[in-house]
Amino acid sequence: MSHQSALIAEDIEAYLKAHEHKSLLRFLTCGSVDDGKSTLIGRLLYDSKMIFEDQMAALEADSKKVGTQGGEIDFALLVDGLAAEREQGITIDVAYRFFSTDTRKFIVADTPGHEQYTRNMVTGASTADAAIILIDARKGVLTQTRRHSYLVSLLGIRHVVLAINKMDLVGWSQEVFDSILAEYHDFAAQIGIKAFTAIPMSALKGDNITEPSDKAPWYKGPPLLPHLESLDVEDDLREKPFRMPIQWVNRPDLDFRGFSGLIATGTITPGDRVKVLPSGRESTVARIVTMTGDLPRAVAGQSVTITLTDEIDISRGDVLSIAGQPPEVADQFEATIVWMDDEGMLPGRPYLMKIGTRIVGASITEPKYKVNVNTLEHLAAKRLELNEIGVCNLSLDAPIAFDAYQDNHTLGGFILVDRISNRTVGAGMLHFALRRSQNIHWQALDVSKASRAAQKGQKGRVVWLTGLSGAGKSTIANLVEKRMQADGRHTYLLDGDNVRHGLNKDLGFTEEDRVENIRRVAEVSKLMVDAGLIVLVSFISPFRAERRMARELMEDGEFVEVYVATPLAVAEQRDVKGLYAKARAGELKNFTGIDSPYEEPEHAEITVDTTTLSPEQAAEEIVAWLAKN
Amino acid sequence: MDARQAEAAKSRLTPGFDADTLTHLQRLEAESIHIMREVVAEAERPVMLYSVGKDSAVMLHLAAKAFYPSKPPFPLLHVDTTWKFRAMYEMRARMAETLGFELLVHRNPEALAKGINPFDHGSALHTDMWKTEGLKQALDKYGFDAAFGGARRDEEKSRAKERVFSFRSAQHRWDPKNQRPELWNLYNARKAQGESMRVFPISNWTELDIWQYIHLENIPIVPLYYSAVRPVVERDGALIMVDDDRMPLRPGETPMMKSVRFRTLGCYPLTGAVESTAATLPEIIQEMLLTTTSERQGRVIDHDQAASMEKKKQEGYF
């Protein structure tokens, strides 16, 4: 993979010296196989001599076997990795390629141009300093060009290169180039791409890739590779206020307490006054510690360990910032969300959000709108499906330090993780905090939850009965309440009948509505527990995530999950209300157990099996458990 | 590291007010350190796979930097095949001692009992039993939920698509079609009981980056990377070193003394040497830059079948 430098053979030491100072650029290529994207990457690898003889031999053999260039070398094959994909002839995931020139190392994120893979492109774009948008000169600006450009703009990639490829197939016509340029120019302005560089090229033939091509004397700009070598990367990251999410508290012994992290933006020097968010505590930087000695100064992009002059409480997930320009702190936001999971986004469902090094519970409102990535139209939406992008409000369990994504990708970019499957289901970019979160002040009252419960001589809590329709939940809950009343307890029973007819009468039986139904019941229960009551909740509540949401609203020990276990066949046989028959006949949609799932509890406090216990025995078990715990 | 090198290392890590950008090695180092700290912060029981090769040497060095002044808060695990070069065993003992890591060595007891070796059983079975099965056994035995590996994306096509945090099922399987999207530097390390992560902190390094870094940071490596006169036989187109007397010679084979070195290290019967006179790091780098074949060519296991690495990875191989 000889770089063309004569220095390698003549004076390797001098060569190495020169190469210690290479910089790094990450870029993304956007386009489809038809635009010659894989060919372009293969060409860059080939022209920068990153292809070895054994790889070349394999490439030649593969080109003859499965190539699309009539036995000629098919550079695309060099790039398309996994066996299954090679057979299909398409790239289906994000792959990273590496090459370097005498001045710069490049990391290429190669992502597919297929419509259903917005997710992959957003992933590749998230770390890119530059994006190359490929256009087939014969076809001009296509729907997919607009889609790619929108995503590039959404992810805030600073440098955009419009690679107008296959110019050899339009006779290197300046007219064609100019008209594509004009059309793209108007579109780019609309979506907020302020500047871009257009280069006419032929990736297949190697024109205007590394050397200026004589085929287009009218083009005065640089070829692709020299242009990529000249782009400024570390940019203004250093000009921005200092921010470092704390990753790890470094505590080898009692005398040393350092805070380790990767500096996101800005610079830091011992003596600088810093502020820790969200706590707001301040201190001064004492040392910047590394294994090779303390640093006089550290900058964005470095992983360091910082010590402070004061002993203040800092833990993973906090953000260290310069004291004079701290980030904001809030718990409710507007954000753009890209959904990445086969299971759609459910408004109200609790997800986990990872932002910087902080992990916090988050729920999302119904989208304000979703964006049609092809036309950029705003459309009404109830939820987001795989590869859909929408603007939503987010509500977090706790306040976090943040900057708007456009100002700081580290403090404004986040992923969403499903609490049950642990999959990464979405990604998003914060716009701004919703002011209302700052207006709600909780009154500190002398009368407290504890005093209310004490007045009633009991511990306020929620006994949450879940199970299939017909399992016997309400019967058992009624018996439990009677027993407790008789013992002088203050109780209330919430069930489908008394809630569905009032508080929740606007809700139907779609997944979204069922989530909202449970959310309201959980919130009402929480208020009642605050009032010191023992609340019996009798709801099918089929989804683990929603029951967990309810559990997390309460304090430890307040939530008692009771699984009323009955096999579906038994519940269906009982069919007290005739609902199973209707569901089976297709008259009742989304009926739990029939065409909607029931997720059994994994860690219920109490499980009562109604095939072996009578309702009275089941109620007795619950009352006994409550008396003991 | 002596005072001059420490000074040099410090100046590299300390961009002056006028320096325009961090170098590519500084950015790669910072990224790797960030990844290691994320694992330590989020995993319950991490471990670092140690293969004794140059990539492992770099990982170890990065780990020492990432947690300084603390010791890296995880042990090293060497999944041994009993067929490594003798020089590798010597290096292993020396490194664990100097860096103060806890070193765990696992040998698949079943492979040991059956005397699995590449000569009688073939390279595929040898690799599967000792490495793939051995690794799974060790991870299960100690209950590690995150294992650092030194794989790089430039090594091989299937690795180019693997995530930095690579999720594995409770059976240690990799599903290339169902990987978690990895955005910015936000890694999702959450998993259920029994599931685990393989984490590749040097994913974005190339072979050249590794050598440059070893050179700059003066990282110790196994002497086998430097050329020396060694006994080898030519077998199936590869130069195999006769490292001990367990290697059966075929009729007509006599070990020849040749000046050779190794670009990658593994089990000695499965690792081809290259003829070379490169005896210093700059000479090694020079040779690599001028060479015309890729690093993995010396590894016999890759030739077994097309897309072999992808299959092995799905089954639980690193």
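Numbers restart at 1 for each chain; the letters A, B, ... are given by sequence-line order, proteins then strands. These numbers come from the heavy atoms of this one structure, side chains and all, not from hydrogens, waters or symmetry mates.
In this structure, A:Ala427 and B:Trp184 approach most closely via the heavy-atom pair CB-CZ3, 4.1 Å. Contact record, A:Thr123 with B:Glu182: CG2-O, 3.0 Å, taken as the closest heavy-atom pair. Contact record, B:Pro181 with A:Met340: CG-SD, 3.7 Å, taken as the closest heavy-atom pair. Nearest heavy-atom pair across B:Arg27 and A:Asp129 is NH2-OD2, 4.1 Å.
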Residue pair B:Arg180, A:Val417: steps toward the side-chain contact (heavy atoms from CB on, under 4.5 Å) verdict | CA-CA 10 Å; B:Arg180 293 174 177 176; A:Val417 176; over 6 Å; no
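Annotation: maximal heavy-atom pairing with chain A below 4.5 Å, among B:Asn204, B:Ile285, B:Asp209, occurs at B:Asn204. Ranked by heavy-atom pairs under 4.5 Å with chain B, the list A:Thr127, A:Thr357, A:Leu352, A:Thr424 is led by A:Thr424. Chosen from A:Asn250, A:Leu262, A:Ile415, the residue pairing most often with chain B at heavy-atom distances under 4.5 Å is A:Asn250. Among B:Gln212, B:Lys191, B:Glu38, the residue with the largest count of heavy-atom pairs under 4.5 Å with chain A is B:Glu38. Counting heavy-atom pairs closer than 4.5 Å to chain B, the top residue among A:His409, A:Arg423, A:Arg316 is A:Arg316. In terms of heavy-atom pairs under 4.5 Å with chain B, the best-connected choice from A:Ser126, A:Ser23, A:Pro252 is A:Ser126. Ranking A:Gly258, A:Ser260, A:Gly301 against chain B, the residue ahead of the rest is A:Ser260, based on heavy-atom pairs under 4.5 Å.
Once rounded to the nearest 0.5 Å, the distance linking CG of B:Leu281 with CG of A:Leu16 reads 9.0 Å. Separation of atoms CG (B:Leu22) and NE2 (A:His21) is listed at 12.5 Å; rounding is to 0.5 Å. Atom-to-atom distance recorded for A:Arg358:CZ and B:Leu186:CG is 14.0 Å, nearest 0.5 angstrom. Here the straight-line distance linking atom OG1 of B:Thr206 with atom CZ of A:Phe99 works out to 12.0 Å at 0.5 Å rounding. To the nearest 0.5 angstrom, A:Lys105 atom NZ is 4.5 Å from B:Leu28 atom CG. Rounding to the nearest 0.5 Å gives a distance of 10.5 Å between CZ of B:Arg190 and NZ of A:Lys354.
Under the 4.5 Å side-chain criterion, counting only non-hydrogen atoms from C-beta, B:Arg153 is not in contact with A:Ile107. For the pair A:Thr290 and B:Tyr68, the minimum side-chain heavy-atom distance is 4.5 Å or more. Residues A:Ile359 and B:Glu42 are in side-chain contact: their nearest non-hydrogen atoms beyond the backbone lie under 4.5 Å apart. Looking at A:Lys22 and B:Thr23, their side chains never come closer than 4.5 Å, going by heavy atoms from C-beta outward. Between B:Ser203 and A:Tyr96, every side-chain heavy-atom pair lies at or beyond the 4.5 Å cut-off. Contact annotation: the side chain of A:Ile12 never approaches that of B:Glu287 to less than 4.5 Å [non-hydrogen atoms, C-beta and beyond]. Side-chain atoms of B:His61 and A:Met291, non-hydrogen and from C-beta on, do get closer than 4.5 Å to each other.
The parts of B:Gln286 that come within reach of chain A are both its backbone and its side chain, each placing non-hydrogen atoms under 4.5 angstrom from that chain. Using a 4.5 Å cut-off between heavy atoms, A:Thr410 makes no contact with chain B at all. Residue contact with chain B, scored on non-hydrogen atoms closer than 4.5 Å, is absent for A:Arg104. Proximity to chain A (any heavy atom under 4.5 Å) is shown, for B:Ala64, by both the backbone and the side chain. Both the backbone and the side chain of A:Gln247 have a heavy atom closer than 4.5 Å to some heavy atom of chain B. Using a 4.5 Å cut-off between heavy atoms, A:Val304 touches chain B through its backbone atoms (N, CA, C, O) alone. Heavy atoms closer than 4.5 Å to chain B are found in the backbone of A:Ala300, but not in its side chain. Heavy atoms closer than 4.5 Å to chain B are found nowhere in A:Ile288, neither backbone nor side chain.
Side-chain atoms of B:Asn188 come within 3.5 Å of backbone N or O of A:Asn422 as a donor-acceptor pair.
Checked against the 6.0 Å centroid criterion, the rings of A:Trp248 and B:Phe67 qualify as a close aromatic pair.
If you run side chain to side chain contact (heavy atoms under 4.5 Å, CB included) between A:Ser303 and each of B:His34, B:Met36, B:Glu31, only B:His34 comes through.
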